Number of protein chains: 2
Amino acid sequence: MSVPAEEIERRVQALSAGIQDAGLRLTHQRLEIVREVAGSKTHPDVETLYRGVRKRMPTVSLDTVYRTLSVLTERGLIERVTATAGPARYDGNPFPHHHFVCTRCGLVRDIDDANTDAIPPTKQTDSLGEVESIQIQYRGVCAACRQAATSSN
Amino acid sequence: MSVPAEEIERRVQALSAGIQDAGLRLTHQRLEIVREVAGSKTHPDVETLYRGVRKRMPTVSLDTVYRTLSVLTERGLIERVTATAGPARYDGNPFPHHHFVCTRCGLVRDIDDANTDAIPPTKQTDSLGEVESIQIQYRGVCAACRQAATSSN
DNA sequence: GTTACTGCAAACTTTTTGCACGACA
DNA sequence: TGTCGTGCAAAAAGTTTGCAGTAAC
């Protein structure tokens, strides 16, 4: 149920290229952090990514994880997940997609690009600015939380 | 260009009722905080709301603003804005709506309920859980940022 | 009259920053 | 070889919590 190896590879390629195209250095640390975030489907927070990277690179520092994620986000290569409260979480999938969000436990999972052509810009959006992309949040209760609620009733 | 008085009133009513229906006390502090958040269309952060409330109630504390916003959010009466990084921002509109988000400056504005029937749950969402609501983020560049970019080119 | 809420202060968590050393292009 | 990036440490920012007094119901 993890991200398929070839998909991880595709993401790592896109992110690595993005770093180098921006004239930035692709250091060992950055590559490992890219691998970690690209290989996760849970949209982890910085601390979790840090622990994951340290398994392969024990000397990496938390600051570097913060800084690398900032760099990637500033360049638009990855996104901060804007769906949950608490510590920042990151989305290592650099291709367009949407999110399912569990309102109970904060689980976030990617949803492939839906038919966003069905959602045209409106008069309201037109008066505010130019819409460049549309992201949908499907909010609800995940299977695990649903089961937990059922069995305790 | 602010929220119309009757709309503010409608929101304050809904939020006040929500507090009391939950068996909580509608204190002066809570009412002023509700007024502040319901009257703003900018989705302000806690510090900004605090300053606004203090104009009318100089003795209110920042903690109480934090606590009241937490209470309102936990009860599902208002929502934390899940669109921007940085300090938490709150959306005092308790009725269904969507958001336009400027990716440059972080401006967030409400968009009236679009035709979300055009976005049915998918096989993917079905396998993750039950979708209860759909929120659309229209992302782009707001008029002010667009103008700033144009005039500096 | 109870009990929940508030203000104050302190603590805690998360994130950012300055600096000197080390490594990438 | 020059410059960008890293690790360390300290600081800053944002948020939460314990406690005693106060106010809502």
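Reminder, nothing fancy here: chain letters follow the sequence lines and each chain counts from 1. It should be emphasised that the depicted structure is a prediction, and the values quoted were computed from it without experimental measurement.
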Legend entry - A:His98 and A:Tyr138 aromatic ring geometry - parallel, tilted or perpendicular at 30°/60° bounds: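 Answer is perpendicular, since the angle exceeds 60°.
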Legend entry - C:dG7 phosphate, OP1 or OP2, under 4.0 Å from B:Thr64 side-chain N/O: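 Yes, within the criterion.
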Legend entry - DNA chain D: 5'-most and 3'-most nucleotides touching chain B, 4.0 angstrom heavy-atom criterion: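 On DNA chain D, the outermost contacted nucleotides are D:dG14 to D:dC25.
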Inset, instruction - Ignoring hydrogens and angles, tell me if any N or O in the side chain of B:Thr48 forms a donor-acceptor pair with the backbone of B:Pro44 under 3.5 Å. - result: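 Judged by distance alone, no pair lies under 3.5 Å.
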Legend entry - Side chain B:Arg89, main chain B:His43, donor-acceptor under 3.5 Å: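 Flag set: sc B:Arg89 to bb B:His43 pair under 3.5 Å.
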Legend entry - Qualifying residues under salt bridge (charged side-chain N to carboxylate O under 4.0 Å, His left out), relative to B:Arg30, sequence neighbours excluded: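 B:Arg30 satisfies salt bridge (charged side-chain N to carboxylate O under 4.0 Å, His left out) with no other residue.
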Legend entry - NZ or CZ of A:Arg10 within 45° of A:Phe95 ring axis and under 6.0 Å: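 Checked: cation-pi criterion met.
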What is the separation between atom [atom1] on [X] and atom [atom2] on [N], rounded to the nearest whole Å?
X	N	atom1	atom2	value
B:Leu62	C:dC8	CG	C1'	12 Å
A:Arg67	C:dG18	CZ	P	10 Å
A:Met57	C:dA23	CE	C1'	12 Å

Legend entry - Selection from C:dA9, C:dT16, C:dG7 that lies nearest to any side-chain heavy atom of A:Asp63: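 Output: C:dT16.
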Inset, instruction - Indicate, with yes or no, if A:Val101 and B:Val81 share a hydrophobic cluster defined by side-chain heavy-atom contacts under 4.5 Å among Ile, Leu, Val, Met, Phe, Trp and Tyr. - result: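 B:Val81 and A:Val101: separate clusters.
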Legend entry - Within residues 22-32 of chain A: residues closer than 4.0 Å to DNA chain D (heavy atoms):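 Per residue number, the list reads A:Leu24, A:Arg25, A:Thr27, A:Gln29, A:Arg30.
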Inset, instruction - Please figure out whether B:Gln20 or B:Arg80 has its closest DNA chain D nucleotide nearer the 5' end. - result: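 Its nearest nucleotide being more 5', the pick is B:Arg80.
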Inset, instruction - Output all residues satisfying side chain to side chain donor-acceptor pair (under 3.5 Å) with A:Arg51, sequence neighbours left out; order by chain, then residue number. - result: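 Testing A:Arg51 for side chain to side chain donor-acceptor pair (under 3.5 Å), a comparison that skips the adjacent residues, returns none.
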Inset, instruction - May I ask you to say whether A:Arg139 pairs ionically with B:Glu132, meaning some side-chain N is under 4.0 Å from a carboxylate O? - result: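 B:Glu132 and A:Arg139: not salt-bridged.
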Inset, instruction - Could you go through the side-chain contact (heavy atoms from CB on, under 4.5 Å) check for B:Thr82 and A:Thr84 one step at a time? - result: CA-CA 6 Å; B:Thr82 61; A:Thr84 54; over 6 Å; no
Legend entry - Residue list, side-chain contact (heavy atoms from CB on, under 4.5 Å) with A:Gln29, at least two apart or on another chain: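 So A:Gln29 forms a side-chain contact (heavy atoms from CB on, under 4.5 Å) with A:Thr27, A:Met57, A:Val60, A:Thr64.
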Inset, instruction - Take A:Cys142 and A:Phe100, measure what side-chain contact (heavy atoms from CB on, under 4.5 Å) needs, and give me the verdict at the end. - result: CA-CA 9 Å; A:Cys142 73; A:Phe100 174 87; 4.1 Å; yes
Inset, instruction - Note down the inter-axis angle between the two ends of the helix from C:dG1-D:dC25 to C:dA25-D:dT1, five pairs each, to the nearest 10°. - result: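 Both end axes considered, the difference amounts to 50°.
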